[in-house]
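Just so it is clear, the structure is predicted and the values come from calculations on it, not from any experiment.
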Amino acid sequence: MIFPPVGNTLRPFYGEKPMREFAPFEERLSIWTIETMQSIFELEKSGIKLGVSPTQNETFGDYQCNAAMELAKVLKKAPRQIAQEFADAAVLPDFVEKIEIAGPGFINFFLSNAALAEHIQSLENDPHLGVEQAGQGKAVVIDYSSPNVAKPMHIGHIRSTVIGNAIDRLYRFLGYHVIADNHLGDWGTQFGLMMVGFRSFADKEALAKAPVEELERVYIASYNKSKEDPSWRDEAKAELVKLQQGDGENRALWKQFIELSIQEFDTIYNRLGVKFDLYRGESFYNDQLPKMIKTLEGRGLAVESDGALIVDLEEDGMPVCIVRKSDGGYNYATTDLATVESRIEEFSPDRIIYVTDERQQLHFKQFFTIAKKLGMEANLVHVWFGLMRLPEATFSTREGNVIKLAALLDEAEARALEMVKSSSPDMPEDQQKELARAIGIGAIKYTDLSQNPQSLVTFTWEKALNMEGNSAPYLQYAYARISSVSDKYSAQFSGTDLDDYPITIEHELERRIAIKLSRFPAAIRAAAENYRPNILADYLYDLAQIYSSFYQNVPFLKADEGIRESRIRLCRATAATLRQGLDLLGIETPERI
RNA sequence: GCCCCGGUAGCUCAGCUGGAUAGAGCAACGGACUUCUAAUCCGUAGGUCACAGGUUCGAAUCCUGUCCGGGGCGCCA
């Protein structure tokens with residue numbers, strides 16, 4: 001857990017710290033209801049949630065407290081009576097307009113428009129838009145993307161990359177010192193086959209054109225040959241041993257594979273706006289593996305079984321974990337343990353987050369358990385996501401039905417370009433292309449980020465490239481409209497200073513926007529806490545929907561002086577939130593669409 | 001056999017740390033561009049939340065079982 005768990009009488013998160021300047025209403029109101037409930041009903045710590053939560057239906061108010069129903073048993077009173085007593089005795093905080101009791105005993109709170117307006121104004125001066133810097137002074141390592149060397153990235157890699165990057169951005173925004181590490185698959189038995197294959201059938205021209213694709217072709221050819229030709233297999237094994245023993249020629253070739261691969265990965269990462277602090281492949285930890293085995297043996301954790309070295313995890317309800325193969329080679333778990341040790345030593349992280357697909361759940365459970373037994377001190381978190389499927393079948397290299405990531409991005413940009421050309425035919429072509437890039441890539445990312453990561457996902461071109469409705473372009477469009485109207489305001493009313501006109505909230509849509517804006521910190525916190533960027537995506541889509549309705553139904557520039565300025569300020573606050581939120585998802589916000 | 005995940009509108013998905021009338025997008029139907037960008041907005045229609053029990057004042061949400069789908073389970077990573 002990142003934040004202290006919620007649920008007890010006083011949310012530890014709200015803590016004993018003095019209330020911060022831009023604290024959201026939910027936080028302020030919860031502290032107030034908890035304290036008030038405790039004093040009115042003379043409650044000890046009971047484990048009952050006394051705080052408030054947002055209402056699901058705005059006709060009920062802005063926040064609701066459900067404690068009366070739960071307190072009924074403890075206090076031996078009817079819930080409605082409890083609610084009534086609370087309402088009668090409580091002195092409302094100044095930001096609450098009124099409270100109502102409804103249904104079985106819900107206590108509903110209505111925020112005052114003046115307080116809302118003031119809050120939104122105060123956010124104009126807060127670069128973090130009300131979000132607390134919860135990660136100050138803490139480091140976190142995020143291990144994501146991690147493709148294999150010599151294999152092109154396909155659509156199966158996009159989730160780890162895009163979700164991992166969003167988590168990365170979220171944690172940075174919360175003030176954590178984030179170390180984004182791309183743990184490349186750069187070591188393993190496949191390199192023997194790569195070596196012999198490369199020397200026999202690498203095509204120099206193809207290699208120059210599309211290096212990684214050619215390396216993959218070589219690998220597949222070599223793999224197929226090894227199945228029919230035992231001597232080929234032996235040769236590959238011999239080359240692998242030579243590589244592992246540090247043979248100069250093989251090392252050089254291996255390094256070349258890695259360099260070519262990283263170069264190509266980087267072009268994809270650049271297109272996706274993804275940056276890593278480190279590219280430490282598995283090979284980086286090679287030298288530490290024997291020591292790790294010794295430690296495991298020394299602690300009595302690793303024992304021999306059928307020639308291999310295993311850690312028995314039966315008492316933890318898990319199958320055994322092989323840490324050294326019978327041929328002396330090391331396994332994934334061993335590398336991962338050494339990696340944790342190294343990261344702790346170097347970065348002292350508060351936690352290490354791994355973003356991979358669901359198939360690795362057992363592996364992570366096992367090695368987390370072993371790490372704990374070894375006394376490694378870091379919170380290890382496995383963030384897993386559902387595997388991507390094609391409508392027809394699961395895709396695999398062997399089936400030949402993989403869709404390359406580069407091709408997906410190309411297609412997205414091409415489709416976006418068509419739309420840009422038809423809607424902005426007068427725009428210079430290079431600008432059209434630049435815009436199409438931002439929109440196309442945004443659409444791809446948003447598709448992944450707007451879904452619950454753990455859901456099964458079926459890849460369809462239609463969904464991946466969706467540009468209407470709940471999609472990145474919808475959000476970008478909303479942003480661009482604000483930008484445009486904001487610029488027009490500046491041009492038409494160049495002499496006015498917006499600070500001279502306070503934000504006022506009269507219209508229902510103004511109120512809905514203000515409420516939504518005030519909940520940005522909650523969305524950020526929930527997204528980070530649960531490692532689920534889709535919570536933020538949902539929030540932003542809601543916000544954009546309310547804004548679009550506002551835009552379409554309420555005049556800004558033609559409104560009377562005062563109302564006009566107030567609305568422009570609301571627009572700009574919305575823009576700031578959309579821009580920040582989309583940036584945290586790694587989605588760009590062009591000023592014009 | 002054991003373990004993990006999913007099953008919500010015709011389709012694709014939110015909602016799942018229990019709350020009031022289950023939401024979006026697409027598709028369908030009907031409206032709104034001489035107005036701040038129609039990639040938009042407004043409206044209509046569409047649901048046994050897989051099924052059966054249980055816990056609870058209250059269950060799509062928690063528990064148990066069943067069915068269907070996906071994944072994992074000693075020398076791959």
Rounding to a whole Å, what distance do you find between [X]:[atom1] and [N]:[atom2]?
X        : N     : atom1 : atom2 : answer
A:Leu435 : B:A39 : CG    : C1'   : 11 Å
A:Gln454 : B:G71 : CD    : P     : 17 Å
A:Gln361 : B:G71 : CD    : P     : 13 Å
A:Glu304 : B:G74 : CD    : C1'   : 13 Å
A:Asn452 : B:G23 : CG    : C1'   : 15 Å
A:Leu475 : B:C41 : CG    : C1'   : 16 Å
A:Glu314 : B:G74 : CD    : C1'   : 14 Å
A:Leu313 : B:G72 : CG    : P     : 20 Å

### Message
Counting runs of three or more consecutive pairs, Watson-Crick or G-U wobble, with each distance below 3.5 Å, where are the stems of RNA chain B?
### Response
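Result, WC/G-U stems under 3.5 Å: B:1-7 with B:67-73, B:10-13 with B:23-26, B:28-32 with B:40-44, B:50-54 with B:62-66.
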On the nucleotide [N], are OP1 or OP2 found under 4.0 Å from the side-chain N or O atoms that [X] carries?
X        : N     : answer
A:Thr460 : B:U12 : no
A:Ser455 : B:A14 : yes
A:Lys463 : B:C11 : no
A:Tyr474 : B:C41 : yes
A:Gln451 : B:U12 : no

### Task
May I ask you to establish whether A:Arg481 and A:Phe550 are in a cation-pi arrangement, using a distance under 6.0 Å from NZ or CZ to the six-membered ring centre and at most 45° from the ring axis?
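No; the conditions do not both hold, so A:Arg481 does not lie above the ring face of A:Phe550.
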### Message
Return whichever of A:Val320 or A:Asn470 has its heavy-atom-nearest nucleotide of RNA chain B closer to the 5' end.
### Response
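Result: A:Asn470.
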### Query
Which residue, A:Arg532 or A:Ile439, contacts RNA chain B at a nucleotide closer to its 5' end, judged by nearest heavy atom?
A:Arg532
Residue pair [X] / [Y], side-chain donor-acceptor N/O under 3.5 Å:
X        : Y        : result
A:Ser145 : A:Asn182 : no
A:Arg572 : A:Ser486 : yes
A:His507 : A:Asn553 : no
A:Arg579 : A:Tyr479 : yes

### Query
Which value, rounded to the nearest 0.5 Å, describes the distance between A:Phe265 atom CZ and A:Ile258 atom CD1?
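Reported value, rounded in 0.5 Å steps: 10.0 Å.
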### Query
If you measure from CZ on A:Arg359 to CG on A:Leu387, what distance do you get to the nearest 0.5 Å?
4.5 Å
Under 4.0 angstrom, heavy atoms only, what part of the nucleic acid is [X] near: base, sugar-phosphate, or nothing?
X        : value
A:Asp336 : nothing
A:Asp542 : nothing
A:Val323 : nothing
A:Ala102 : base
A:Asp538 : sugar-phosphate
A:Gln56  : sugar-phosphate

### Query
Below 4.5 Å, heavy atoms only, C-beta onward: do A:Phe106 and A:Thr55 meet side chain to side chain?
no
### Query
With a 4.5 Å heavy-atom cut-off, do A:Lys463 and A:Gln451 have their side chains touching?
yes
#### Entry: Listed nucleotide nearest any side-chain atom of A:Leu362, set B:A39, B:C73, B:C57
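So the side chain of A:Leu362 is nearest to B:C73.
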### Query
Which nucleotide sits closest to the side chain of A:Glu70: B:C57, B:A24, B:C13?
B:C57
Between [M] and [N] - [atom1] atom distance, rounded Å:
N     : M     : atom1 : result
B:C41 : B:C26 : P     : 8 Å
B:A27 : B:U34 : P     : 24 Å
B:U55 : B:U12 : C1'   : 34 Å
B:C2  : B:A45 : C1'   : 47 Å
B:U61 : B:G46 : P     : 24 Å
B:G54 : B:G31 : C1'   : 49 Å
B:G72 : B:A38 : P     : 49 Å
B:C68 : B:G30 : C1'   : 39 Å

### Task
Could you encode protein contacts along nucleotides 26-38 of chain B as a string, one character per nucleotide from 5' to 3', using B for base contact, S for sugar-phosphate-only contact and - for no contact, with a heavy-atom cut-off of under 4.0 Å?
S---------BBS
### Message
Between A:Glu418 and A:Lys421 (salt bridge meaning N to carboxylate O under 4.0 Å), is one present in this structure?
### Response
no
### Query
Any ion pair linking A:Arg415 and A:Glu411 (charged N to carboxylate O, less than 4.0 Å)?
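Salt bridge between A:Glu411 and A:Arg415, a charged N being under 4.0 Å from a carboxylate O: yes.
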### Task
Identify the heavy atoms of A:Pro453 and A:Asn534 that sit nearest to each other, and give their distance.
CD-OD1, 3.7 Å
### Query
Do the ring centers of A:Tyr219 and A:Phe257 come within less than 6.0 Å of each other?
no
### Query
For the residue pair A:Phe364 and A:Tyr354, is the inter-centroid distance of their aromatic rings smaller than 6.0 Å?
yes
### Message
Please classify B:C42 as syn or anti, treating any glycosidic angle within 90° of 0 as syn.
### Response
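Anti conformation for B:C42.
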### Task
Determine the interplanar angle of the A:Phe41 and A:Phe86 rings, folded into 0 to 90°, and report it as parallel if under 30°, tilted if 30 to 60°, perpendicular if over 60°.
parallel
### Query
With stacking defined as ring centroids separated by under 5.5 Å and planes differing by under 30°, is A:Phe106 stacked against B:A20?
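Taking the rule of under 5.5 Å and under 30°, the ring of A:Phe106 does stack on B:A20.
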Scan nucleotides 75-77 of chain B against the protein and return all N/O pairs shorter than 3.5 Å with their distances rounded to 0.1 Å.
| from | atom 1 | to | atom 2 | distance (Å) |
| --- | --- | --- | --- | --- |
| B:C75 | O2 | A:Ser326 | N | 2.6 |
| B:C75 | O2 | A:Ser326 | OG | 3.2 |
| B:C75 | N3 | A:Ser326 | OG | 3.2 |
| B:C75 | N4 | A:Asp306 | O | 2.7 |
| B:A77 | O3' | A:Glu282 | OE1 | 3.0 |
| B:A77 | O3' | A:Glu282 | OE2 | 2.5 |

